[in-house]
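Before any comments, here is the structure.
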There are 2 protein chains.
Amino acid sequence: MQISSRFSIGVHILSLLAIRPQDHHTSEWLAGSVGTNPVVIRRVLGHLKKAGLANVKAGSGGATLARELDEITLLDVYRAVDVVEEGRLFHMHEQPNPACPVGANIEQVLRLMMVKAQAAMEGVLAAVTMRELVDVLAREIEGKRAGNG
Amino acid sequence: MQISSRFSIGVHILSLLAIRPQDHHTSEWLAGSVGTNPVVIRRVLGHLKKAGLANVKAGSGGATLARELDEITLLDVYRAVDVVEEGRLFHMHEQPNPACPVGANIEQVLRLMMVKAQAAMEGVLAAVTMRELVDVLAREIEGKRAGNG
DNA sequence: GTAAGACGTAACTATAATAGTTACAACGAA
DNA sequence: TTCGTTGTAACTATTATAGTTACGTCTTAC
(Lines give C-alpha, C1' and ligand atoms only; values in the text may rest on other atoms or scores of the structure.)
Protein backbone atom coordinates (compact mmCIF):
# COMPACT_ATOMS: atom_id res chain seq x y z
CA MET A 1 0.00 0.00 0.00
CA GLN A 2 1.04 3.52 -0.65
CA ILE A 3 0.76 6.85 1.06
CA SER A 4 -1.91 8.89 -0.69
CA SER A 5 -0.94 11.28 -3.45
CA ARG A 6 -2.62 14.01 -1.42
CA PHE A 7 0.85 14.56 0.00
CA SER A 8 2.57 15.06 -3.35
CA ILE A 9 -0.34 17.17 -4.55
CA GLY A 10 -0.04 19.34 -1.45
CA VAL A 11 3.66 19.88 -2.05
CA HIS A 12 2.97 20.61 -5.71
CA ILE A 13 0.36 23.21 -4.81
CA LEU A 14 2.58 24.98 -2.27
CA SER A 15 5.42 25.00 -4.79
CA LEU A 16 3.20 26.71 -7.33
CA LEU A 17 2.08 29.30 -4.79
CA ALA A 18 5.73 29.98 -3.97
CA ILE A 19 7.20 30.04 -7.44
CA ARG A 20 4.49 32.06 -9.11
CA PRO A 21 3.25 34.42 -6.39
CA GLN A 22 1.87 36.88 -8.93
CA ASP A 23 -0.68 34.53 -10.51
CA HIS A 24 -4.31 34.07 -9.55
CA HIS A 25 -4.23 30.52 -8.19
CA THR A 26 -7.73 29.18 -8.64
CA SER A 27 -8.40 25.49 -8.17
CA GLU A 28 -8.89 25.26 -11.92
CA TRP A 29 -5.49 26.80 -12.58
CA LEU A 30 -3.74 24.61 -10.02
CA ALA A 31 -5.49 21.53 -11.36
CA GLY A 32 -3.99 22.32 -14.76
CA SER A 33 -0.47 21.98 -13.42
CA VAL A 34 -1.13 19.03 -11.12
CA GLY A 35 -3.05 17.21 -13.81
CA THR A 36 -6.22 16.45 -11.93
CA ASN A 37 -9.71 17.69 -11.20
CA PRO A 38 -10.31 21.09 -9.53
CA VAL A 39 -12.34 19.43 -6.80
CA VAL A 40 -9.37 17.27 -5.84
CA ILE A 41 -7.33 20.45 -5.55
CA ARG A 42 -9.97 22.13 -3.42
CA ARG A 43 -10.01 19.19 -1.07
CA VAL A 44 -6.24 19.22 -0.59
CA LEU A 45 -6.25 22.98 -0.33
CA GLY A 46 -8.90 22.68 2.34
CA HIS A 47 -6.48 20.55 4.37
CA LEU A 48 -3.64 23.02 3.84
CA LYS A 49 -5.89 25.88 4.89
CA LYS A 50 -7.03 24.09 8.02
CA ALA A 51 -3.40 23.47 8.93
CA GLY A 52 -2.53 27.14 8.47
CA LEU A 53 -0.27 26.59 5.49
CA ALA A 54 -2.36 28.31 2.85
CA ASN A 55 -5.02 30.98 2.56
CA VAL A 56 -7.93 30.55 0.22
CA LYS A 57 -10.14 33.43 -0.77
CA ALA A 58 -13.81 32.60 -0.96
CA GLY A 59 -15.88 34.18 -3.69
CA SER A 60 -13.24 35.77 -5.87
CA GLY A 61 -10.99 32.78 -5.45
CA GLY A 62 -7.27 32.24 -5.36
CA ALA A 63 -4.85 30.66 -2.90
CA THR A 64 -1.72 32.10 -1.30
CA LEU A 65 0.89 30.93 1.16
CA ALA A 66 -0.04 31.51 4.79
CA ARG A 67 3.50 31.05 6.06
CA GLU A 68 7.06 31.65 5.02
CA LEU A 69 8.55 28.77 3.05
CA ASP A 70 11.20 28.34 5.76
CA GLU A 71 8.45 27.69 8.24
CA ILE A 72 6.83 24.87 6.34
CA THR A 73 8.45 21.45 6.48
CA LEU A 74 7.45 18.47 4.38
CA LEU A 75 6.23 16.92 7.62
CA ASP A 76 3.82 19.84 8.06
CA VAL A 77 2.35 19.12 4.65
CA TYR A 78 2.26 15.38 5.27
CA ARG A 79 0.41 15.92 8.55
CA ALA A 80 -1.88 18.52 7.04
CA VAL A 81 -3.22 16.26 4.33
CA ASP A 82 -3.81 13.48 6.79
CA VAL A 83 -2.27 10.58 4.91
CA VAL A 84 -1.07 8.52 7.88
CA GLU A 85 -2.57 8.40 11.32
CA GLU A 86 -0.21 9.29 14.16
CA GLY A 87 1.93 6.24 14.98
CA ARG A 88 -0.09 4.04 12.68
CA LEU A 89 1.91 3.71 9.48
CA PHE A 90 1.92 -0.04 10.07
CA HIS A 91 -1.26 -1.98 10.44
CA MET A 92 -1.01 -4.62 13.15
CA HIS A 93 -3.28 -7.66 12.93
CA GLU A 94 -6.04 -7.08 15.41
CA GLN A 95 -6.91 -10.30 17.21
CA PRO A 96 -3.74 -11.94 18.45
CA ASN A 97 -4.75 -14.67 20.87
CA PRO A 98 -4.27 -13.46 24.47
CA ALA A 99 -4.20 -17.09 25.62
CA CYS A 100 -0.97 -17.67 23.69
CA PRO A 101 2.18 -16.16 25.22
CA VAL A 102 3.33 -14.89 21.85
CA GLY A 103 -0.11 -13.62 20.89
CA ALA A 104 -0.44 -11.82 24.19
CA ASN A 105 2.85 -9.96 23.89
CA ILE A 106 3.71 -9.57 20.23
CA GLU A 107 1.80 -6.35 19.78
CA GLN A 108 3.57 -4.26 22.38
CA VAL A 109 6.99 -5.53 21.30
CA LEU A 110 6.43 -5.07 17.58
CA ARG A 111 4.71 -1.75 18.07
CA LEU A 112 7.92 -0.36 19.53
CA MET A 113 9.77 -1.09 16.31
CA MET A 114 6.96 0.17 14.11
CA VAL A 115 6.78 3.49 15.89
CA LYS A 116 10.52 3.87 15.68
CA ALA A 117 10.55 3.10 11.96
CA GLN A 118 7.74 5.53 11.28
CA ALA A 119 9.47 8.22 13.33
CA ALA A 120 12.64 7.80 11.28
CA MET A 121 10.69 8.31 8.09
CA GLU A 122 8.89 11.34 9.40
CA GLY A 123 12.16 12.71 10.73
CA VAL A 124 13.45 12.96 7.18
CA LEU A 125 10.34 14.87 6.15
CA ALA A 126 10.72 17.17 9.16
CA ALA A 127 14.27 17.99 8.11
CA VAL A 128 13.30 19.36 4.72
CA THR A 129 11.62 22.75 4.43
CA MET A 130 9.54 23.90 1.50
CA ARG A 131 12.19 26.59 1.05
CA GLU A 132 14.82 23.95 0.36
CA LEU A 133 12.55 22.01 -1.92
CA VAL A 134 11.52 25.07 -3.88
CA ASP A 135 15.16 26.14 -4.22
CA VAL A 136 16.08 22.77 -5.70
CA LEU A 137 13.04 22.94 -7.92
CA ALA A 138 13.89 26.44 -9.14
CA ARG A 139 17.45 25.39 -9.90
CA GLU A 140 16.12 22.39 -11.80
CA ILE A 141 13.80 24.61 -13.82
CA GLU A 142 16.55 27.14 -14.52
CA GLY A 143 18.94 24.37 -15.54
CA LYS A 144 16.54 23.07 -18.13
CA ARG A 145 15.77 26.55 -19.41
CA ALA A 146 19.52 26.97 -20.01
CA GLY A 147 19.50 23.85 -22.12
CA ASN A 148 21.25 21.50 -19.73
CA GLY A 149 18.22 19.39 -18.95
CA MET B 1 -3.24 4.33 4.37
CA GLN B 2 -1.43 1.65 6.25
CA ILE B 3 1.15 -1.00 5.56
CA SER B 4 -0.59 -4.37 5.38
CA SER B 5 -0.81 -6.54 8.46
CA ARG B 6 0.93 -9.26 6.44
CA PHE B 7 4.08 -7.80 7.95
CA SER B 8 2.99 -8.13 11.56
CA ILE B 9 1.53 -11.56 10.83
CA GLY B 10 4.84 -12.64 9.31
CA VAL B 11 6.73 -11.49 12.39
CA HIS B 12 4.20 -13.22 14.61
CA ILE B 13 4.59 -16.48 12.71
CA LEU B 14 8.38 -16.43 12.82
CA SER B 15 8.24 -15.65 16.54
CA LEU B 16 6.07 -18.69 17.12
CA LEU B 17 8.41 -20.92 15.12
CA ALA B 18 11.32 -19.64 17.17
CA ILE B 19 9.77 -19.73 20.62
CA ARG B 20 8.07 -23.10 20.33
CA PRO B 21 10.37 -25.14 18.08
CA GLN B 22 9.01 -28.42 19.39
CA ASP B 23 5.40 -27.92 18.24
CA HIS B 24 3.82 -29.03 14.99
CA HIS B 25 3.12 -25.65 13.37
CA THR B 26 0.25 -26.21 11.02
CA SER B 27 -1.54 -23.25 9.47
CA GLU B 28 -4.48 -24.06 11.70
CA TRP B 29 -2.33 -23.94 14.81
CA LEU B 30 -0.62 -20.70 13.78
CA ALA B 31 -3.97 -19.16 12.89
CA GLY B 32 -5.09 -19.84 16.44
CA SER B 33 -2.37 -17.63 17.88
CA VAL B 34 -2.54 -14.91 15.22
CA GLY B 35 -6.31 -14.80 15.41
CA THR B 36 -7.15 -15.24 11.76
CA ASN B 37 -8.00 -17.79 9.10
CA PRO B 38 -5.59 -20.65 8.21
CA VAL B 39 -5.60 -19.57 4.56
CA VAL B 40 -4.34 -16.14 5.52
CA ILE B 41 -1.51 -17.87 7.37
CA ARG B 42 -0.71 -20.09 4.39
CA ARG B 43 -0.51 -17.07 2.15
CA VAL B 44 1.93 -15.24 4.42
CA LEU B 45 3.87 -18.44 5.00
CA GLY B 46 4.10 -18.83 1.24
CA HIS B 47 5.83 -15.45 1.06
CA LEU B 48 8.19 -16.37 3.90
CA LYS B 49 9.04 -19.64 2.20
CA LYS B 50 9.69 -17.99 -1.14
CA ALA B 51 12.04 -15.55 0.61
CA GLY B 52 13.92 -18.40 2.26
CA LEU B 53 12.87 -17.50 5.79
CA ALA B 54 10.72 -20.53 6.53
CA ASN B 55 10.32 -24.12 5.44
CA VAL B 56 6.89 -25.60 4.98
CA LYS B 57 6.40 -29.32 4.74
CA ALA B 58 3.94 -30.43 2.12
CA GLY B 59 1.64 -33.33 2.93
CA SER B 60 2.32 -33.86 6.60
CA GLY B 61 2.39 -30.15 7.24
CA GLY B 62 4.22 -27.92 9.67
CA ALA B 63 6.51 -24.92 9.30
CA THR B 64 10.02 -24.36 10.63
CA LEU B 65 12.60 -21.61 10.48
CA ALA B 66 14.85 -21.79 7.44
CA ARG B 67 17.48 -19.46 8.89
CA GLU B 68 19.01 -18.55 12.19
CA LEU B 69 17.13 -15.80 13.99
CA ASP B 70 20.26 -13.62 13.85
CA GLU B 71 20.12 -13.81 10.10
CA ILE B 72 16.59 -12.54 9.73
CA THR B 73 15.98 -8.82 10.06
CA LEU B 74 12.59 -7.17 10.22
CA LEU B 75 13.41 -5.73 6.82
CA ASP B 76 13.73 -9.26 5.44
CA VAL B 77 10.24 -10.05 6.66
CA TYR B 78 8.86 -6.75 5.39
CA ARG B 79 10.32 -7.39 1.97
CA ALA B 80 9.26 -11.01 1.97
CA VAL B 81 5.59 -10.26 2.46
CA ASP B 82 5.64 -7.63 -0.22
CA VAL B 83 3.85 -4.83 1.57
CA VAL B 84 5.58 -1.88 -0.11
CA GLU B 85 7.06 -1.76 -3.56
CA GLU B 86 10.73 -0.82 -3.73
CA GLY B 87 11.06 2.97 -3.47
CA ARG B 88 7.32 3.42 -3.70
CA LEU B 89 6.08 3.96 -0.17
CA PHE B 90 4.74 7.30 -1.36
CA HIS B 91 2.30 7.56 -4.19
CA MET B 92 3.08 10.48 -6.44
CA HIS B 93 0.24 11.99 -8.49
CA GLU B 94 0.69 10.70 -11.99
CA GLN B 95 -0.05 13.41 -14.52
CA PRO B 96 1.80 16.56 -13.55
CA ASN B 97 1.64 18.92 -16.51
CA PRO B 98 4.93 18.85 -18.44
CA ALA B 99 4.09 22.22 -19.95
CA CYS B 100 4.29 23.84 -16.51
CA PRO B 101 7.79 24.34 -15.10
CA VAL B 102 6.71 23.11 -11.70
CA GLY B 103 4.71 20.21 -13.12
CA ALA B 104 7.64 19.17 -15.26
CA ASN B 105 10.13 19.05 -12.40
CA ILE B 106 8.28 18.39 -9.18
CA GLU B 107 8.41 14.63 -9.50
CA GLN B 108 12.14 14.20 -9.66
CA VAL B 109 12.72 16.67 -6.84
CA LEU B 110 10.06 15.28 -4.53
CA ARG B 111 10.98 11.71 -5.37
CA LEU B 112 14.44 12.31 -3.87
CA MET B 113 12.90 13.17 -0.53
CA MET B 114 10.41 10.32 -0.65
CA VAL B 115 13.09 7.75 -1.33
CA LYS B 116 15.21 9.13 1.47
CA ALA B 117 12.31 9.04 3.91
CA GLN B 118 11.41 5.51 2.96
CA ALA B 119 15.04 4.42 3.28
CA ALA B 120 15.20 5.85 6.79
CA MET B 121 12.17 3.85 7.79
CA GLU B 122 13.50 0.67 6.26
CA GLY B 123 16.87 1.29 7.86
CA VAL B 124 15.27 0.95 11.27
CA LEU B 125 13.73 -2.37 10.24
CA ALA B 126 17.07 -3.53 8.88
CA ALA B 127 18.73 -2.80 12.20
CA VAL B 128 16.51 -5.15 14.18
CA THR B 129 16.94 -8.90 13.93
CA MET B 130 14.32 -11.46 14.79
CA ARG B 131 16.75 -12.64 17.47
CA GLU B 132 16.50 -9.29 19.20
CA LEU B 133 12.76 -9.16 18.85
CA VAL B 134 12.29 -12.69 20.12
CA ASP B 135 14.58 -11.98 23.07
CA VAL B 136 12.51 -8.96 24.06
CA LEU B 137 9.36 -10.99 23.55
CA ALA B 138 10.66 -13.86 25.68
CA ARG B 139 11.62 -11.47 28.44
CA GLU B 140 8.17 -9.92 28.26
CA ILE B 141 6.53 -13.33 28.54
CA GLU B 142 8.78 -14.38 31.39
CA GLY B 143 8.12 -11.11 33.20
CA LYS B 144 4.39 -11.66 33.09
CA ARG B 145 4.72 -15.26 34.15
CA ALA B 146 6.60 -14.01 37.23
CA GLY B 147 3.68 -11.78 38.07
CA ASN B 148 5.17 -8.43 37.14
CA GLY B 149 2.99 -7.82 34.11
C1' DG C 1 -2.73 -49.05 -1.31
C1' DT C 2 -5.53 -46.19 0.92
C1' DA C 3 -7.22 -43.08 4.27
C1' DA C 4 -6.35 -38.93 7.05
C1' DG C 5 -4.55 -34.64 7.47
C1' DA C 6 -2.24 -30.63 5.59
C1' DC C 7 -0.64 -27.52 2.04
C1' DG C 8 -1.22 -24.41 -2.17
C1' DT C 9 -4.23 -21.87 -4.66
C1' DA C 10 -8.36 -20.29 -7.00
C1' DA C 11 -12.52 -17.95 -6.46
C1' DC C 12 -15.64 -15.25 -4.18
C1' DT C 13 -17.08 -11.80 -0.65
C1' DA C 14 -17.14 -7.63 2.29
C1' DT C 15 -14.93 -3.60 3.54
C1' DA C 16 -12.34 0.50 3.05
C1' DA C 17 -9.55 4.09 0.86
C1' DT C 18 -8.40 6.59 -3.22
C1' DA C 19 -9.31 9.63 -6.75
C1' DG C 20 -12.20 11.40 -10.28
C1' DT C 21 -16.65 13.53 -11.50
C1' DT C 22 -21.12 16.25 -11.45
C1' DA C 23 -23.87 19.35 -9.11
C1' DC C 24 -25.08 23.18 -6.43
C1' DA C 25 -25.53 26.59 -2.60
C1' DA C 26 -22.88 30.40 -0.75
C1' DC C 27 -19.77 34.03 -1.32
C1' DG C 28 -17.09 38.33 -3.15
C1' DA C 29 -15.72 41.60 -6.39
C1' DA C 30 -16.43 44.24 -10.38
C1' DT D 1 -26.69 41.93 -9.91
C1' DT D 2 -23.96 39.07 -12.40
C1' DC D 3 -19.95 36.23 -12.99
C1' DG D 4 -16.51 33.31 -11.37
C1' DT D 5 -14.99 30.78 -7.50
C1' DT D 6 -15.06 28.09 -3.27
C1' DG D 7 -16.78 24.37 -0.18
C1' DT D 8 -19.05 20.29 0.02
C1' DA D 9 -22.20 16.50 -0.85
C1' DA D 10 -23.03 12.61 -3.55
C1' DC D 11 -21.91 9.26 -6.69
C1' DT D 12 -18.66 6.28 -9.36
C1' DA D 13 -14.71 3.29 -10.61
C1' DT D 14 -10.68 1.25 -9.12
C1' DT D 15 -7.73 -1.02 -6.04
C1' DA D 16 -6.02 -3.44 -1.85
C1' DT D 17 -7.02 -5.90 2.20
C1' DA D 18 -8.55 -9.74 4.62
C1' DG D 19 -11.72 -13.39 5.46
C1' DT D 20 -14.02 -17.58 3.67
C1' DT D 21 -15.15 -21.92 1.06
C1' DA D 22 -13.59 -25.31 -1.87
C1' DC D 23 -10.64 -28.55 -3.89
C1' DG D 24 -6.61 -30.81 -6.09
C1' DT D 25 -2.20 -32.57 -4.53
C1' DC D 26 1.02 -34.34 -1.43
C1' DT D 27 3.05 -37.09 2.75
C1' DT D 28 2.74 -40.18 6.18
C1' DA D 29 0.96 -43.92 8.73
C1' DC D 30 -1.70 -47.76 9.05
Side-chain angles (χ1 to χ4, degrees), chain A residues 1-10 12-13 17 23-51 54-64 66 78 81-85 88-97, chain B residues 1-10 12-13 17 23-51 54-64 66 78 81-85 88-97:
Chain A
M1 230 335 143
Q2 291 187 294
I3 291 172
S4 165
S5 64
R6 284 199 301 277
F7 173 59
S8 65
I9 292 175
H12 191 146
I13 290 173
L17 301 188
D23 294 8
H24 187 214
H25 303 105
T26 65
S27 61
E28 184 102 28
W29 189 93
L30 294 164
S33 173
V34 173
T36 184
N37 191 288
V39 175
V40 172
I41 297 293
R42 281 181 225 146
R43 287 201 276 239
V44 174
L45 215 34
H47 283 293
L48 299 178
K49 181 182 178 181
K50 196 168 159 192
N55 298 312
V56 183
K57 225 173 185 172
S60 60
T64 53
Y78 163 96
V81 297
D82 208 24
V83 282
V84 174
E85 203 182 340
R88 288 285 185 275
L89 173 60
F90 291 87
H91 182 200
M92 175 97 198
H93 55 291
E94 283 163 7
Q95 277 109 28
N97 188 344
Chain B
M1 231 334 145
Q2 292 187 294
I3 290 173
S4 165
S5 63
R6 284 198 301 277
F7 173 59
S8 65
I9 292 176
H12 191 147
I13 290 173
L17 302 188
D23 294 9
H24 187 215
H25 304 104
T26 64
S27 59
E28 184 103 27
W29 189 93
L30 293 166
S33 173
V34 173
T36 184
N37 190 288
V39 175
V40 172
I41 297 293
R42 281 183 226 145
R43 287 201 277 240
V44 173
L45 215 33
H47 283 292
L48 299 178
K49 182 183 179 181
K50 196 170 159 191
N55 297 313
V56 183
K57 226 175 186 172
S60 61
T64 53
Y78 164 95
V81 297
D82 208 27
V83 283
V84 174
E85 203 182 341
R88 288 285 186 275
L89 173 60
F90 291 86
H91 183 200
M92 175 98 197
H93 55 290
E94 282 161 7
Q95 277 109 29
N97 188 345

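Below, chain A is the first sequence line, B the second, and so on; all start at residue 1. These numbers come from a predicted model, not from an experiment.
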Heteroatom pairs (N/O) under 3.5 angstrom, protein to nucleotides 20-24 of chain D:
unit_1: D:dT20; atom_1: OP2; unit_2: B:Asn37; atom_2: ND2; d: 3.2
unit_1: D:dT20; atom_1: O4; unit_2: B:Arg43; atom_2: NH1; d: 3.3
unit_1: D:dT20; atom_1: O4; unit_2: B:Arg43; atom_2: NH2; d: 3.4

Please produce a list of atom pairs where a protein N or O lies less than 3.5 Å from an N or O of nucleotides 14-17 of chain D.
unit_1: D:dT17; atom_1: OP1; unit_2: B:Arg6; atom_2: NH2; d: 3.4

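If you measure from atom CG of B:Asn55 to atom P of C:dA6, you get 19 Å, rounded to the nearest angstrom. The nearest whole Å value for the distance from the NE2 atom in A:His25 to the P atom in D:dT5 is 14 Å. With rounding to whole Å, A:Glu94 atom CD is found 12 Å from C:dA16 atom C1'. A straight line from CZ of B:Phe90 to P of C:dA19 spans 13 Å, rounded to a whole angstrom. In this structure, A:Ile41 places its CD1 atom 16 Å from P of C:dT22, rounding to the nearest Å. In this structure, A:Trp29 places its CH2 atom 13 Å from P of D:dT5, rounding to the nearest Å. A straight line from CD1 of A:Ile3 to P of C:dA17 spans 15 Å, rounded to a whole angstrom. Atom NE2 in A:His47 sits about 16 Å away from atom P in D:dT6, given to the nearest Å.
Shortest non-hydrogen contact noted between A:His93 and B:Ser8 is ND1-OG, 2.7 Å. A:Leu17 and A:Ala63 make their closest contact through CD2-O, 3.6 Å (heavy atoms, listed as atom of the first residue, atom of the second, distance). In this structure, A:Tyr78 and A:Ile3 approach most closely via the heavy-atom pair CE1-CD1, 4.3 Å.
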- Note on the structure: Given protein heavy atoms under 4.0 Å, the one-letter contact record of nucleotides 25-30 of chain D, with B base, S sugar-phosphate only and - none, is simply -BSS--
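For A:Asp23, the side-chain hydrogen bond (donor to acceptor under 3.5 Å, both in side chains) partners are A:Arg20, not counting sequence neighbours. Every residue two or more places apart in sequence or in another chain that forms a side-chain hydrogen bond (donor to acceptor under 3.5 Å, both in side chains) with A:Glu94 is listed here: A:His91. For A:Met1, the side-chain contact (heavy atoms from CB on, under 4.5 Å) partners at least two apart in sequence or on another chain are B:Met1.
Considering OG of A:Ser4 and CG of A:Asp82, their distance stands at 9.5 Å, rounded to 0.5 Å.
Using a 4.0 Å heavy-atom criterion, one finds that B:Lys50 contacts no nucleic acid atom at all.
Not one side-chain nitrogen or oxygen of B:Lys49 sits closer than 4.0 Å to the OP1 or OP2 atom of C:dC7. For the OP1/OP2 pair of D:dT5 and a distance below 4.0 Å, the side-chain nitrogens and oxygens of A:Ser27 include no atom meeting the criterion.
Between the side chain of B:His24 and the backbone N or O of B:Gly61 there is at least one donor-acceptor pair closer than 3.5 Å.
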Please tabulate, for the side chains in residues 28-48 of chain A, all donor-acceptor contacts under 3.5 angstrom to protein atoms that are two or more places apart in sequence or on a different chain.
unit_1: A:Ser33; atom_1: OG; unit_2: A:His12; atom_2: NE2; d: 2.8
unit_1: A:Asn37; atom_1: OD1; unit_2: A:Val39; atom_2: N; d: 2.9
unit_1: A:Arg42; atom_1: NE; unit_2: A:Ser27; atom_2: OG; d: 3.1
unit_1: A:His47; atom_1: ND1; unit_2: A:Ala80; atom_2: O; d: 3.4

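Nearest-nucleotide assignment on DNA chain C puts the 5′-proximal partner with B:Val56, out of B:Val56 and B:Gln95.
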